[in-house]
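Here the structure is laid out as structure tokens; the discussion comes afterwards.
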Amino acid sequence: MRTTVLIVAAGSGSRLQAGVPKALVTLSDGHTMLEHCLDSVVAARDAGAIDLHAIAVVVPGDPDTATSLETVCHAFAARTAVTVQTVPGGAERADSVRAGLAAVRTLAGSAGSAGGPFGRHALLVHDAARPFVPPAVFGAVVTALESGTAAVVPAVEVVDTIKTVAGAGPEEVTGTLQRTQLRAVQTPQGFDLTSLEAAHRLAEEGAGGAAALTDDAMAMEAAGHRVSVVTGDPLGFKITTQLDLMLANALLASGTSTNLEHH
Ligand code: C5P
């Protein structure tokens, strides 16, 4: 199935306190987070896990950062011969995804598939902040789309006990969720493009606004779609804090960033 990957890289990374937008943060091997993320997509292509058509990258709106990230994308495109389109993002992740969907629609149209502009074509929405996703995860997501599902997420089991809390000031526990029923959901998440566009339109009109939508499967759930789950990977972790960055650099130093599942 021809596959277009939408990478959202427009976050500020304020929780990382790196002084630069997260996708531009350099890991210990001298490569930026966005480079690692783009490389993981090509690794999935080279492993035969996905039939890559193009990549759209959503970059921050401010011109300096956008230029830096566009330079990364152009170098990657020149090195790999993959079509890469950049597009400015928005204030919240969901705003950035919506901005990216328009670019994806154009890119997918150029696939020229017989069943309409996006017939038999997979869309993967992926966080730039997840630099080490193994090819098998990309493959599992696309395989689920090929079987006809409109939405699929990779997930891993939760190790902590998750409680709900309430109260301004000192919080109190209001309940405990059954851990066996919980999953931590990663990206890439796979979708039928037309269904995801409609779901995001619906979510935009709904309560909570863009900030309430922390992933794209949420929009599909709200629109009444079934969302399939495939096995994620610990290496699909998202770099959010300094501790995550230290873990990423330790993985690079030990050479296990691409094969943790074997350890
Ligand atoms: O903020 P969070 O860690 O959930 O961000 C996940 C991904 O969404 C990151 O790759 C980040 O660059 C992206 N993002 C975005 N636009 C925003 C906020 C986050 O593209 N406004």
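When a ligand or atom number is given, it counts from 1 through the structure's own listing order.
Side chains of H121 and D192: no donor on one and acceptor on the other come within 3.5 Å. Between the side chains of H31 and T26, not a single donor N or O lies within less than 3.5 Å of an accepting N or O.
Within the structure, side-chain hydrogen bond (donor to acceptor under 3.5 Å, both in side chains) contacts touching residues 151-167 (residues at least two apart or in different chains) are K163-T176, T164-T174.
Protein residues with any heavy atom under 4.0 Å from ligand 1: V8, A9, A10, G11, R15, K22, G90, A91, E92, R93, S96, D127, A128, A129, K238.
Classification of D216 and R93 as a salt-bridged pair holds, one side-chain N sitting under 4.0 Å from a carboxylate O.
Between F237 and F132, the angle of the ring planes lies from 30° to 60°, which puts this pair in the tilted group.
For F138 and H126, the gap between ring centers is short of 6.0 Å.
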